Q: 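Here you go, one structure.
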Amino acid sequence: MDFDLAPPIGVGPLRIGMTRQSANTALDSLRDLSAVSEFDRPGQHVFRPSGLMISIHCTRDMLEAVELGRPSTQTDRVTFRDLDVFAIPACELVQRMSEYTSIEADPDDPASFIASDLLLSFWRPFAADDEPEEEQGYFFNSVLLARPGYCDTPAQAAERLQQSL
């Protein structure tokens, strides 16, 4: 199954801003009933047979972010504008993403990258750009799609609030 990242709207049936109850229902719809994982947690995350993890983050009864973890097989794909975010080496993905938007290393974790205009964040535990055998660093391990302001610092949140007044 393909999961197309559509910031700031969402991914698949998961829509940023939907109620927690609707998000739980949408998350449940992504579970493969023929192979339910013992690690699934209703209202939190599901693991598909491919190993793809889909996690929801709700606050104040609203879906604020969706995180997808790298599958172990290509049965499920996570894409952004036809880029398979978990099959393309991290270094190449960053370069190709920069054709669409600004994407920068996370100041707190330089192995990870943030495309703040798109509200997408790509994570890996460490950089191993030259070692394809080291999948944990050569590829991204997760991608987060969030609502505007999700990653704001307190100063950025105050500025966003001022702009909305």
Side-chain angles (χ1 to χ4, degrees), residues 1-19 22-23 25-32 44-59 62-153 156 160 163:
M1 174 181 281
D2 283 355
F3 293 87
D4 296 317
L5 299 169
I9 298 166
V11 57
L14 295 163
R15 299 290 186 236
I16 299 299
M18 69 188 336
T19 67
S22 295
T25 301
L27 182 65
D28 284 342
S29 76
L30 298 173
R31 181 176 284 117
D32 184 333
Q44 293 179 8
H45 55 258
V46 298
F47 287 84
R48 294 185 43 83
S50 68
L52 176 70
M53 183 270 308
I54 305 166
S55 177
I56 59 173
H57 304 268
C58 296
T59 306
M62 180 180 72
L63 180 63
E64 293 199 329
V66 179
E67 183 176 9
L68 298 108
R70 186 169 188 262
S72 51
T73 69
Q74 288 293 308
T75 311
D76 289 323
R77 293 177 348 124
V78 178
T79 61
F80 173 74
R81 295 193 179 183
D82 296 324
L83 298 174
D84 187 332
V85 302
F86 295 129
I88 298 173
C91 194
E92 180 183 340
L93 182 67
V94 167
Q95 185 272 323
R96 292 177 68 186
M97 289 283 300
S98 71
E99 296 170 10
Y100 299 108
T101 189
S102 172
I103 183 167
E104 298 177 357
D106 182 334
D108 297 324
D109 181 4
S112 300
F113 287 80
I114 300 170
S116 54
D117 291 345
L118 295 176
L119 307 165
L120 290 176
S121 175
F122 300 88
W123 177 84
R124 58 188 170 161
F126 57 88
D129 295 333
D130 297 329
E131 300 179 38
E133 311 80 46
E134 186 55 71
E135 290 189 15
Q136 294 293 315
Y138 191 67
F139 297 98
F140 285 114
N141 288 47
S142 70
V143 60
L144 180 86
L145 184 151
R147 66 157 175 79
Y150 183 80
C151 296
D152 283 356
T153 64
Q156 291 168 322
R160 185 182 299 276
Q163 291 174 353

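The first residue in the sequence is number 1, and the count goes up from there. This structure is a prediction, so every number in the text was calculated from the model and none was measured.
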Q: Mind checking the OG1-CZ spacing from T75 to R48? Nearest 0.5 Å is all I need.
A: 9.0 Å

Q: Compare every heavy atom of I54 with every heavy atom of L27, then report the nearest pair and how far apart it is.
A: CD1-O, 3.6 Å

Q: Residues in side-chain contact (heavy atoms from CB on, under 4.5 Å) with E92, at least two apart?
A: I88, P89, R96

Q: Check T101 against A115 and note the closest heavy-atom contact, atom names and distance.
A: CG2-CB, 3.9 Å

Q: Looking at D82, I'd like to know if its CG atom is crowded, meaning that more than 12 non-hydrogen atoms belonging to other residues, nucleotides or ligands lie closer than 6.0 Å.
A: no

Q: Quick one: pull up CG in L68 and NE2 in H45 and give me the separation to the nearest 0.5 Å.
A: 13.0 Å

Q: Nearest 0.5 angstrom please: L5 CG to L119 CG, how far?
A: 12.0 Å

Q: Considering only heavy atoms from C-beta outward, does the side chain of I114 approach that of E104 to under 4.5 Å?
A: no

Q: For the atom pair CD (E67) and CE (M53), what is the distance rounded to the nearest 0.5 Å?
A: 4.5 Å

Q: What orientation do F140 and F122 show, parallel under 30°, tilted 30 to 60°, or perpendicular over 60°?
A: tilted

Q: Let's go through L118 and F80 carefully: what are the C-alpha distance in whole Å and the side-chain angles of both, what is the deciding distance for side chain to side chain contact (heavy atoms under 4.5 Å, CB included) to 0.1 Å, and is it a yes or a no?
A: CA-CA 11 Å; L118 295 176; F80 173 74; 3.5 Å; yes

Q: Tell me the closest heavy-atom pair linking A105 and P110, and the distance in Å.
A: CB-O, 4.0 Å

Q: Not counting sequence neighbours, which residues clear side-chain contact (heavy atoms from CB on, under 4.5 Å) with P71? List them please.
A: S50, L52, F86

Q: I need the L63 CG to I16 CD1 distance, nearest 0.5 Å.
A: 4.5 Å

Q: What is the minimum heavy-atom distance between R15 and G10, and which atoms define it?
A: NH1-C, 4.1 Å

Q: Would you call W123 and D109 a side-chain contact if the rule is heavy atoms closer than 4.5 Å?
A: yes

Q: Heavy atoms only: give me the nearest A87-Q74 pair and the separation to one decimal.
A: CB-NE2, 3.9 Å

Q: Taking side chain as C-beta onward, heavy atoms only, is M1 less than 4.5 Å from D32?
A: no

Q: Hey, what do you get for CZ (R124) to OG (S112), rounding to the nearest 0.5 Å?
A: 7.0 Å

Q: When you compare the side chain of L14 with that of L30, does any pair of heavy atoms fall below 4.5 Å?
A: yes

